[in-house]
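The analysis underlying the following values was restricted to heavy atoms, covering all of them including side chains, and did not include hydrogens, waters or symmetry mates.
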Amino acid sequence: QVQLVESGGGLVQAGESLRLACAASTTPFSIHTMAWHRQAPGNQRELVASITRGGITNYADSVKGRFTISRDNAKNTVYLQMNSLKPEDTAVYLCAADIQKPFNSWSHAWGQGTQVTVSS
């Protein structure tokens, strides 16, 4: 079973930047899509950004132009560079991964999450 561990969260002021990282444990299985989600108290979890193994990216409209997702396949690590942070970005950010197993079997893994707080 793949384990995901996030890091890089913290407390910053509006306009500042943070870089999140999510490291996956070593696995013989192929990790295809990795993504960042976020969830604030009282809100539904939303997809922030995703990236395929080949580097194809997708972003929520609210973060386009400010956030950049990238990955290092050799390290099984995905990053989220967050610039021009706004108070509305405050949430727990969770890493996710889709993993391909033998016999066309797939599994989905989640990290514990890292808190990002942006003050006015």
Side-chain angles (χ1 to χ4, degrees):
Q1 185 68 36
V2 172
Q3 305 294 320
L4 304 176
V5 180
E6 303 98 333
S7 62
L11 173 63
V12 298
Q13 295 183 353
E16 296 183 338
S17 299
L18 282 174
R19 191 190 191 207
L20 306 182
C22 170
S25 60
T26 57
T27 174
F29 308 122
S30 177
I31 302 176
H32 280 252
T33 302
M34 301 188 76
W36 288 97
H37 297 72
R38 67 185 181 187
Q39 187 167 20
N43 294 341
Q44 295 183 352
R45 183 174 298 179
E46 66 172 336
L47 175 65
V48 177
S50 64
I51 183 169
T52 69
R53 187 173 183 85
I56 304 300
T57 59
N58 184 53
Y59 297 93
D61 289 340
S62 60
V63 306
K64 286 182 178 178
R66 299 188 298 120
F67 291 10
T68 302
I69 189 171
S70 61
R71 66 188 287 174
D72 185 335
N73 291 333
K75 297 180 179 179
N76 280 349
T77 301
V78 63
Y79 305 91
L80 186 67
Q81 178 67 46
M82 304 184 293
N83 297 327
S84 301
L85 282 163
K86 306 174 181 179
E88 63 196 72
D89 295 318
T90 296
V92 174
Y93 284 71
L94 302 106
C95 179
D98 288 317
I99 303 150
Q100 185 178 25
K101 297 182 177 180
F103 304 106
N104 202 31
S105 177
W106 293 75
S107 65
H108 191 71
W110 290 91
Q112 296 185 83
T114 184
Q115 177 69 46
V116 172
T117 302
V118 184
S119 63
S120 301

Q. Linking I/L/V/M/F/W/Y whenever their side-chain heavy atoms sit closer than 4.5 Å, directly or via other members, would I99 and L94 fall into one cluster?
A. no
Q. So do the side chains of E16 and L85 get within less than 4.5 Å of each other, counting heavy atoms only?
A. no
Q: Kindly write out the residues that satisfy side chain to side chain donor-acceptor pair (under 3.5 Å) with R38, not counting sequence neighbours, or none if the list is empty.
A: E46, S62, D89, Y93
Q. Given side chains that start at C-beta, do those of V2 and N76 come closer than 4.5 Å, heavy atoms only?
A. no
Q | Pairs where residues 94-112 contributes a residue and the test salt bridge (Lys or Arg N to Asp or Glu O under 4.0 Å) is met, not counting sequence neighbours | A | none
Q. Can you list the residues that meet the side chain to side chain donor-acceptor pair (under 3.5 Å) rule with D61, with sequence neighbours excluded?
A. K64
Q | Non-hydrogen atoms of T90 and V118 that approach each other most closely | A | OG1-N, 2.9 Å
(Q) Suppose the criterion is side chain to side chain donor-acceptor pair (under 3.5 Å): which pairs have a residue in residues 4-15, not counting sequence neighbours? (A) none
Q | From NE2 (H37) to CZ (R45), nearest 0.5 Å | A | 7.5 Å
Q. Minimum heavy-atom separation for L20 to G9, with atom names?
A. CD2-N, 3.6 Å
Q.
If we ignore hydrogens and angles and just use 3.5 Å, is the side chain of Y79 paired with the main-chain N or O of T68 as donor and acceptor?
A. no
Q: Taking all heavy atoms of S70 and all of V78, pick out the closest pair and write down the distance.
A: O-CG2, 3.2 Å
Q: Taking side chain to side chain donor-acceptor pair (under 3.5 Å) as the test, write out the residues that go with Q112, two or more places apart.
A: none
Q) Looking at CZ of F67 and CG of L18, how far apart are the two atoms once the value is rounded to the nearest 0.5 Å? A) 9.0 Å
Q. Ring centroid separation for H108 and W106, is it under 6.0 angstrom?
A. no
Q: Please round to the nearest 0.5 Å and tell me the distance separating atom CD of Q3 and atom OG1 of T26.
A: 10.5 Å
Q: State, with a plain yes or no, whether a side-chain heavy atom of C95 is found less than 4.5 Å away from one of W110.
A: no
Q) Is I31 reachable from L80 through a run of I, L, V, M, F, W or Y residues, each pair having side-chain heavy atoms under 4.5 Å apart? A) yes
Q) Can you name the nearest heavy-atom pair linking P87 to A14, along with the distance? A) CD-CB, 4.1 Å
Q) Going only through I, L, V, M, F, W and Y residues with side-chain contacts under 4.5 Å, is there a path from V92 to M82? A) no
Q) For N73, what residues pass the side chain to side chain donor-acceptor pair (under 3.5 Å) criterion, not counting sequence neighbours? A) R71
**Q.** S17 to S84 - nearest heavy-atom pair and separation
**A.** OG-N, 4.2 Å
Q. Are the side chain of S105 and the backbone N or O of P102 linked by a donor-acceptor pair below 3.5 Å?
A. no
